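These notes are about the structure you will find just below.
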Amino acid sequence: MKEFRDGSQLLVVNCYPSCPEPDLTLGIPPHSDYGFLTLLLQDEVKGLQIQHETRWVTVEPVPNSFVINVGDHLEIFSNGRYKSVLHRVLVNSLKSRISIASLHSLPFESMIRPSPKLINDANPRRYKDTDFASFIEYIASHEHRSKNFLESRRMS
Ligand SMILES: O=C(O)CCC(=O)C(=O)O
Ligand SMILES: [Fe+2]
């Protein structure tokens, strides 16, 4: 898509200090990412987990590599064929951890909508249009947990 040439990028740097009681908290609660794709660089300390079926699976750090996550916009654009990945971060008592997440999408003012090529009588449209303003409005009044923003964009 041409629009990606002027697309948006959000860069998030996370630092998780070691925690004396790691079982009592989370580094980041379960959520899915804003955007089409996230490129994530994690250091050598484990902590990231993705939800696979009903289990939380640790994403083993691989040196000099990115973890690529599907975000909510790709789920919307693909009309649900690709699912944004629910993930969370654990803390540990021994080491602090750093990660850098780069979230990529269309320009902030663009509407994100299911691709018309994927919609037909057998596959009706499943998500409403959304944009950065709707995301900001949503997180101003709700906690961004689980996949609740994406759920709010589902057609009823
Ligand atoms: O620290 C990580 O590995 C993941 C961070 C994350 O999920 C985020 O910044 O959205
Ligand atoms: Fe994330």
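In this text the structure is predicted, and so the values were computed from the model without any measurement. In each ligand, atom 1 is the first atom listed, and ligand 1 is the first ligand listed.
The atoms of ligand 1 that sit less than 4.0 Å from any heavy atom of Tyr16 are 1 (O), 2 (C), 4 (C), 5 (C). Each of the atoms 5 (C), 6 (C) of ligand 1 lies under 4.0 Å from some heavy atom of Ile28. Within the listing of ligand 1, atoms 3 (O), 4 (C) sit less than 4.0 angstrom from a heavy atom of Leu40. Those atoms of ligand 1 with a heavy atom of His31 less than 4.0 angstrom away are 6 (C), 7 (O), 8 (C), 10 (O). For ligand 1, the atoms lying closer than 4.0 Å to a non-hydrogen atom of His87 are 7 (O). The contact set between ligand 1 and Ala101, taken as ligand atoms under 4.0 Å from a residue heavy atom, comprises 9 (O).
Side-chain contact annotation: Gln42 with Ser99, donor-acceptor N/O pair under 3.5 Å absent. Side-chain N/O atoms of Asn148 and His31 include no donor and acceptor closer than 3.5 Å.
Proximity of a side-chain donor or acceptor of Glu75 to a complementary backbone N or O of Ser84 within less than 3.5 Å is detected.
A ring-ring contact (aromatic ring centres under 6.0 Å, His included) with Phe135 is found for one member of His142, His144, His73 and no other, namely His144. The one candidate from Leu103, Ile68, Asn69 that meets the side-chain contact (heavy atoms from CB on, under 4.5 Å) condition with Leu37 is Ile68.
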Give the C-alpha distance, both sets of side-chain angles, the deciding distance and a yes or no for side-chain contact (heavy atoms from CB on, under 4.5 Å) between Lys83 and Lys147.
CA-CA 10 Å; Lys83 304 289 182 205; Lys147 286 175 68 166; 4.3 Å; yes
Given Ile50 and Val59, is the side-chain contact (heavy atoms from CB on, under 4.5 Å) satisfied, shown in steps?
CA-CA 7 Å; Ile50 58 162; Val59 180; 3.9 Å; yes
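Asp33 contributes OD1 as its N, O or S atom closest to the Fe ion (ligand 2). Nearest N/O/S atom of His31 with respect to the Fe ion (ligand 2) is recorded as NE2.
The nearest heavy-atom contact from the protein to atom 2 (C) of ligand 1 is Ser99 OG, 3.3 Å. Regarding atom 3 (O) of ligand 1, its nearest protein heavy-atom neighbour is Arg97 NH2, 2.8 Å. With hydrogens left out, the protein atom closest to atom 9 (O) of ligand 1 is Asn14 ND2, 3.0 Å, a heavy atom. Distance from atom 4 (C) of ligand 1 to its nearest protein heavy atom, with residue and atom name: Val89 CG2, 3.6 Å.
A centroid separation of less than 6.0 Å is found between the aromatic rings of Phe4 and Phe36. Aromatic ring centres of Tyr34 and Phe132 lie closer together than 6.0 Å.
Only the side chain of Asp33 comes within 4.0 Å of ligand 1, counting heavy atoms alone; its backbone N, CA, C and O stay farther away.
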